[in-house]
Amino acid sequence: MNRFFGSSAGKKPKPSLQDAINSTDARISSIEVKVKKLDGELMRYKEQMSKLRNGPGKDAIQQRALRTLKQKRMYEAQIAQLTQQTFNMESASLTTENLRNTMATVDAMQVANRELRKQYGKIDIDKIENIHYDMEDLLEQANEIQESLGRSYAVPDEIDEAELEAELDALELEVEEEGPSYLADLNKVPDFIDEPPVEMGETPHRQEATKITG
């Protein structure tokens, strides 16, 4: 059936913008090759004209050089046009890509927004407030328990600091009047010694005489 009506079995996909850019770049490259070839011809004509004298031969070569130069200018104009086309297509491609990225970002944000609404819909703010108040009550009770356990029962709650300072001053005054007791007992002979201490100036004979007299 398709063969009778002249329709093809499958349609070719339309070229994308990137395909058009690649095709244009290929055309630019091929034209640049032609321009480089014309440059070589112009250099050859220039050398030939520099060696010839004015006359029909030199004029013929000069005409060839002019035709070659015109062809080169035409190719250069085509390169400029194609380069501008490539720039325009690349700008359009970049704009399209940015728009595609923007749409993807918007879609992702919409999905995230729906997910957040779904999750926050499961949260009860009143329950969170009640938990917060319960935590405050528990912490306050814990502080009261710690204060109760740390209370001192031997010391009265209210102590007059003036009385404590006066008592401390009186204690210091007694210590100054009596003096330290360990200084008064330095010259006292201990109870466990039967004989008095021997002075450094006494001789052994004097010590024996003292024993006999006693």
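Worth saying up front: this structure is predicted, and the values here are computed from it rather than measured.
- Using a 4.5 Å cut-off on side-chain heavy atoms (C-beta onward), E90 and T86 make contact.
- Between the side chain of S23 and the backbone N or O of D19, no donor-acceptor pair lies under 3.5 Å.
- Using a 4.5 Å heavy-atom cutoff, the side chains of I145 and L149 are in contact.
- With rounding to the nearest 0.5 Å, the separation of OG in S16 from NZ in K14 is 12.5 Å.
- More than 12 non-hydrogen atoms from other residues, nucleotides or ligands lie less than 6.0 angstrom from CE of M74.
- Salt bridge annotation for R73-E76: present, with a cationic side-chain nitrogen under 4.0 angstrom from a carboxylate oxygen.
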Atom pairs and distances, side-chain donor-acceptor, residues 130-141, under 3.5 Å, sequence neighbours left out:
| unit_1 | atom_1 | unit_2 | atom_2 | d |
| --- | --- | --- | --- | --- |
| N130 | ND2 | D126 | O | 3.1 |
| H132 | NE2 | E136 | OE2 | 3.0 |

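- Annotation: side chain of T95 is not in contact with side chain of L99 (no heavy-atom distance under 4.5 Å).
- Taken to the nearest 0.5 Å, the CD atom of E47 stands 11.5 Å off from the CG atom of L42.
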Dump the intermediate steps for side-chain hydrogen bond (donor to acceptor under 3.5 Å, both in side chains) on Y45 and E41, then the final yes or no.
CA-CA 6 Å; Y45 292 150; E41 292 180 3; 4.5 Å; no
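- Using modelled atom types, one finds a donor on one side chain and an acceptor on the other under 3.5 Å when comparing E115 with Q119.
- Under the 4.5 Å side-chain contact rule for hydrophobic residues, Y75 and V33 do not share a cluster.
- Hydrophobic clustering (side-chain heavy atoms under 4.5 Å, transitive across Ile, Leu, Val, Met, Phe, Trp, Tyr) keeps I28 apart from M89.
- I31 contributes atom CD1, which lies 9.0 Å from atom CD of Q81 (distance to the nearest 0.5 angstrom).
- Using a 3.5 Å distance cut-off with no hydrogens or angles, the side chains of D59 and Q63 do not pair a donor with an acceptor.
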